[in-house]
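Worksheet for the structure shown next.
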Amino acid sequence: MLSIKNLTVSVGDKQILKGINLEIKAGEIHAIMGPNGSGKSTLSHILSGKGGYEVTGGAVTYQGKDLLEMPPEIRAREGVFLAFQYPVEIAGVSNIYLLKAALNSVRKYHGLSEVDAMDFLTLIKEKVRLLEMDEKFLYRAVNEGFSGGEKKRNEILQMAILEPKLCILDETDSGLDIDALKVVSEGVNSLRSPDRAFIMVTHYQRLLDYIKPDYVHVLAHGQIVKSGGAELALELEEKGYSWVEAA
Amino acid sequence: MNAIAKNQQTWLQALRSDALTQFAAQGFPSPRAEEWRYTNVSAIEKKRFLPVSDAQTAVDVTDILTAYQLKEAWSLVLVDGCFHADLSLLDGLPEAVAVMSMANALDSEAETLQRTLGQAVSAMEHGFVAFNTAHFTDGLFVRIAAKQVLTKPIQVLHIATQADSLTATRTVIIAETMAAVELVETFVGIDNSYLSAAVTEVFVEDNAAVTLTKVQCEADKAYHFGGTYVKQARNARFTHHNFAFGSLLARCDIHSDLEDAAECELNGLYLGAKRQHLDNHTRIHHNKPHGISRELYKGILDDRARGVFQGRVIVAEDAQKTDSTMNNRNLLLSADAEADTKPQLEIYADDVKCGHGVTVGQLDDKSIFYLQSRAIDEETARNMLTFAFANEMVNKINIPALHDLVLAEVLKRFPQQGIEQDLL
Ligand SMILES: Nc1ncnc2c1ncn2[C@@H]1O[C@H](COP(=O)(O)OP(=O)(O)O)[C@@H](O)[C@H]1O
Ligand SMILES: [Mg+2]
């Protein structure tokens, strides 16, 4: 589904990603772990098309297409979804408005008609229940005045509604208490499917207790310094990042 | 001709003649005055607007009423500065509430007016107030007796129909102790050049609450001066929503004087395009302790439009524990648009919490990217965010019919693409 080859990325004079290689197949869950500042968010942003970075080398192929060529909204319509580490607050646009506008632009891209109003309400109510959110959140401005945990749930709500193919979760676990973490994990797990892949960016291993990854990669100083199975996360938890960073 | 000609009480004569002297001496304000340095009103003097005479033909205002007269409200209609009972909807007012034209009030509420008219603002303020005081033809009078809480809003609808006309109207609103009322001032006009100069005085007595919404949708070529002057007694609450949409040149002054623990909220939205000049001047004067003021003005300026925000917050020596914030945010949609913003804090007390902030800029890239990452194309994202910037202010309106009216005005001024009304 996703193939990243020798990707290098800079901001100004500073090289942030220094040759990333990663192969992700449909149905897989990949965890990317690493210390703060190692380049995890940069990688997530590059995959979803955020501006302000310069790709200095390498290639990213998504479902056989050149991902880096596509504008961000086309990537989203093609099924790439980023749950942001720091979701943006948008005053004056209600959550339900954004959800409907987003869903309809995806549908339109795939030649489908606009979602029926009743079907839409049924769908979002179901997802709101899944994430144990209050329906009132639907009518509030996007993320405005939401707590850290509420913002993260809201990201997963959007993901559940858009049903993307490649889900990138950037530190969705940070700022969540243990109950919220369980709810969010259940939400993610309910979306697991053979034709969907996940990239779980996280700093801590605890999220991986609830969402079991197939592969774990350690990112340090802009490079993947170690890859392994789920057991690598436990090992990291025990020994700390210095163990792999030194390697 | 002049509806008030017959009301020649001596106090009013004196007030008017003082104002006339004042106006003769100073004329309309010049850009040399600090408070007017961004507002060049010389065009008004050159234009030679004249008062409407009886000889001018009546214009059908049915369409305007359909669009702008609020349902579920009491409304008083002024056409070219004179009250029209036949167009107004004033049936079923509670007894403890007086809503009438200013001309009528000068007869039946003379004592109240003698105590109030000219007390929230004097003709010394500047030329427009002097001019208005000397020449106002009619207006709205509202008095809500103590403890009365009105369930429906009161609207005054100002309609300008005549080219090159000049109208001066005066409104006095009194909410007695513990009364509560919502009022709406709407300004509209037929596509002409004209000048409307409206002065409103509001007296919010102890523990009373007044919400006043101004919707300025004057014609494109019109000139508008509006001054709102408020006296807030102990614990009084005053909320103002100021929507400036129309006019070639519009200037709006809003001043409030706060006594102990009074609360004042000033919201504003100005949308300028083409060569519009929209000017807002606010002054909040905390005279006594424990007052609260919250101010947020937002402007969106396109083409060669210019928006001005001058906001002053004055905290007197005696006004300890004042809690005040003032913010002005501007969005420039074109390289030729301009926003001048000048917040001023004058604090003479030492134990206060006062903050202010201003921004002038473009849409935030992070927000655009966020929407793009949710499958929305860049142009639609920009439209949505621009609209959202304005919609935040529209959403502060609690009266559903008024909310919809203002929303419709905002939507008229935005590219429609990407804005789905059914979900707003
Ligand atoms: N826009 C930027 N400009 C300059 N430096 C940046 C920018 N974005 C990220 N960086 C730097 O790149 C490094 C990686 O950042 P980031 O991807 O956010 O790391 P992580 O998500 O792993 O904590 C950090 O040193 C950060 O300061
Ligand atoms: Mg990060």
Side-chain angles (χ1 to χ4, degrees), chain A residues 44-45 47-53 70-84 86-110 114 117 120-121 138-144 151 154-155 158-159 161-162 164 168 170, chain B residues 243 267 269 271 296-300 327 329-331 357 359 361-397 400 403 406-407 410-411 413-424:
Chain A
S44 309
H45 288 153
L47 294 177
S48 53
K50 188 175 182 191
Y53 302 96
M70 298 179 201
E73 63 270 24
I74 301 297
R75 301 181 195 200
R77 292 169 194 173
E78 289 278 359
V80 177
F81 184 94
L82 169 63
F84 284 76
Y86 302 109
V88 179
E89 299 191 9
I90 303 184
V93 177
S94 70
N95 242 337
I96 190 165
Y97 186 96
L98 173 60
L99 288 168
K100 195 170 180 192
L103 182 60
N104 277 334
S105 38
V106 173
R107 289 176 63 93
K108 196 172 161 197
Y109 183 76
H110 293 288
E114 288 203 351
F120 178 67
L121 275 181
L138 292 171
Y139 300 95
R140 283 176 53 181
V142 178
N143 294 324
E144 196 188 32
K151 285 181 184 169
N154 206 31
E155 295 290 288
Q158 294 172 2
M159 186 170 96
I161 296 212
L162 294 178
I168 306 161
D170 191 359
Chain B
F243 294 97
N267 299 308
L269 176 68
L271 304 180
L296 175 60
Y297 264 71
K298 284 178 143 191
I300 303 179
N327 283 288
R329 314 222 323 250
N330 295 279
L331 200 53
T359 55
Q362 277 80 43
L363 290 169
D364 168 39
D365 286 339
K366 279 196 186 124
S367 304
I368 295 171
F369 175 64
Y370 188 77
L371 295 179
Q372 283 182 287
S373 79
R374 299 301 178 250
I376 292 160
D377 66 84
E378 186 181 338
E379 191 190 342
T380 305
R382 286 183 182 279
N383 290 347
M384 271 173 73
L385 291 170
T386 307
F387 172 75
F389 186 86
N391 197 34
E392 188 194 0
M393 304 314 289
V394 180
N395 279 341
K396 290 182 188 284
I397 303 174
H403 172 274
V406 174
L407 180 61
V410 171
L411 285 171
R413 292 166 171 83
F414 278 101
Q416 296 289 309
Q417 197 217 327
I419 297 163
E420 278 190 70
Q421 289 194 46
D422 60 328
L423 281 177
L424 296 174

So how far is it from [X] [atom1] to [Y] [atom2], rounded to the nearest 0.5 Å?
X: B:Gln372; Y: A:Ser48; atom1: CD; atom2: OG; result: 10.5 Å
X: B:Arg374; Y: A:Leu103; atom1: CZ; atom2: CG; result: 13.0 Å
X: B:Asp364; Y: A:Glu89; atom1: CG; atom2: CD; result: 11.0 Å
X: B:Lys366; Y: A:Lys50; atom1: NZ; atom2: NZ; result: 6.0 Å

Interface moiety of A:Glu78 toward chain B, non-hydrogen atoms closer than 4.5 Å: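 Neither part.
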
Region of A:Pro164 that comes under 4.5 Å of a non-hydrogen atom in chain B: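 For A:Pro164, neither part sits under 4.5 Å from chain B.
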
Among the listed options A:Gly49, A:Ala76, A:Pro72, the residue most often paired with chain B at heavy-atom distances under 4.5 Å: A:Pro72

Identify which of A:Tyr139, A:Phe81, A:Tyr109 forms the greatest number of heavy-atom pairs closer than 4.5 Å to chain B. A:Phe81

Over all heavy atoms of both residues, which pair between B:Tyr370 and A:Ile90 is shortest? Give the atoms and the distance, please.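 Scanning both residues, the minimum pair turns out to be CD2-CD1, 3.8 Å.
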
Please list, chain by chain and in numerical order, all residues satisfying side-chain contact (heavy atoms from CB on, under 4.5 Å) with B:Ala381, sequence neighbours excluded.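 Partners of B:Ala381 under the side-chain contact (heavy atoms from CB on, under 4.5 Å) test: B:Ile368, B:Leu371, B:Ile376.
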
If you count heavy-atom pairs within less than 4.5 Å of chain A, which of B:Ala390, B:Ala388, B:Ala375, B:Ser367 leads? B:Ala375

